Structure formats: structure tokens, C-alpha cells
Amino acid sequence: MLYFLGHPVEIVRRARRRTLTIKVQESSLRVLTNQQVKTDQILAFLNSKENWIAKHLNQIKIRQTQFPKPTLQNGSHYPWLGERKYFQFAESKKQKVQFKIEDGFLICYVAQALQSSSTEIQRQLIKFYKTQAMQYLETRVSYWSDVTGLYPNQLQFRSPRSRWGSCSSQKHISLNWKLICQSPALIDYVIVHELCHLQHLNHSTQFWNLVESHLPDYQVIEKVLQDQVYLGNFLDHPK
Ligand SMILES: [Zn+2]
């Protein structure tokens, strides 16, 4: 195994790949290349990009401190609509793992025998967040569509790592379902922002005026937006 700056280097080779690409990830550096490129060429390439790699590794470290990954342990806290929900195991007779939000708790109903199967619990947790998120977001989109008179042709849900949403010229709106971790005010802003793109597919003055006419305080949220995007990253499927 090759290491660079103390991080394992994962080399992914595809015959038709023409370029060398580096992806800085949480647990490794991933190099995308073809069959012909030799290891010492890869090392030379990494060396030439050392400053850039170090900068990105540092950003990841800061993010991990700022948004620590919650664990599957009683008392661990999970973000939910801008609040903290405390994780709690509860005994269940069913074979299936189930989740519920009850007051300040995120309850995981699971049979005693399954409490240690963290992969399955994690999988169900992600599913639970996604299902709840889609319901919540759909309701808010329809609320704001009625307020603004702007209706998308299609509403999709995705989970990109660093984007909140997007709007296409076909009037398809795509929302990041990990938004469910954020405060209702932030969620509403993202929705109004994308709905306003149905009228102005740009960030022109007219666009911002339209956003402001529906949400006069939008600038306050716009300021914290970018920092908050990593809050939901614990919901990414492990690679
Ligand atoms: Zn925009």
C-alpha cells in the first residue's frame, strides 16, 4: 500500500482514462488513472500537488472537528430539523430495525440480538432520514409553491456532498434530502431560492429581488449556508 502525507493512496485504474486525477477523501487519497501509468509516476504527480493535497486534507480535518460523525450509541446526538436528537436504543420483538423521532430522542427499535449489527442499523437509519426528509420537503415545496405561484415540473431528491439543490431549464428542481438536518428556516430558504430560479434561471438582481420579496431576511441564512452543508455528511453511504 502506497502512503502520501500519512494517508493511504487508493489507485483506481481504467483502461480508457487519459489523465491523472486526485480525489482527496476522508480516509484516503484516490488516484484515478490508466493501466500504463507507473507507481513512481503517480508519486511524482502527488509530490507536485503536495500543497494542494495538504490544503484539502486540512479542510477535511477542520470539518470533522466541526461536524463530528454521530455514533450508534445511547446519548450520541443527531441533527434533525436544526435540533439535536439523542440516540436511544429500545427493545423490539421485530426482526426489522425501526426508527422514530420522539420529543428530543431518535429511538432505534431493535431486537437485542441485532444491536451489534451496526451496518444494518446504519443502513436503516439512512433510509429513515431519507423517507422522512422527502415527506417534509415535499410538504414545504408545495407550501412555498402556493405562496410564490411557482411550481416545478418535477421534484427530485438527491444527496450530493456539497450542494443544497438545483433547478434546470426543464423546470426540474432537485433538493438534497440531507437538508432534513438543517433548521426549518434554512430549508425554506433553499426551497424559495430554487423556486425563484423557475422564473429567473440565474443570479441576477431580479432573481435576488424576487427571493427577498418572499424572504426579507434571506441574507442572514445565505451567510451560514455554505458552512452548514457538511452537517448531514454522516448520512453518506460508506464507500
Ligand atoms: Zn441559485
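Order of listing sets the numbers, starting from 1, for every ligand and every atom in it. Being a predicted model, the structure only gives us computed values, none of them experimental. Because only heavy atoms are used, hydrogens play no part in the values below, and waters and symmetry mates are left out as well, while side chains stay in.
Counting only distance, with no hydrogens or angles, the side chain of N153 and the backbone of Q170 share a donor-acceptor pair below 3.5 Å.
With a 6.0 Å cutoff to the six-membered ring centre and a 45° limit on the axis angle, R63 does not count as a cation-pi contact of F67.
At a cut-off of 3.5 Å, with distance as the only test, a side-chain donor of Y151 or D146 sits close to an acceptor on the other residue. Between the side chains of S174 and R158, at least one donor N or O lies within less than 3.5 Å of an accepting N or O.
Aromatic rings from F207 and H193 are positioned such that their centres are separated by under 6.0 Å.
When all heavy atoms of I191 and L137 are compared, the pair lying nearest together is CD1-O, 4.2 Å.
Looking only at protein N/O/S atoms, the ones less than 2.8 Å from the Zn ion (ligand 1) make 3 in total.
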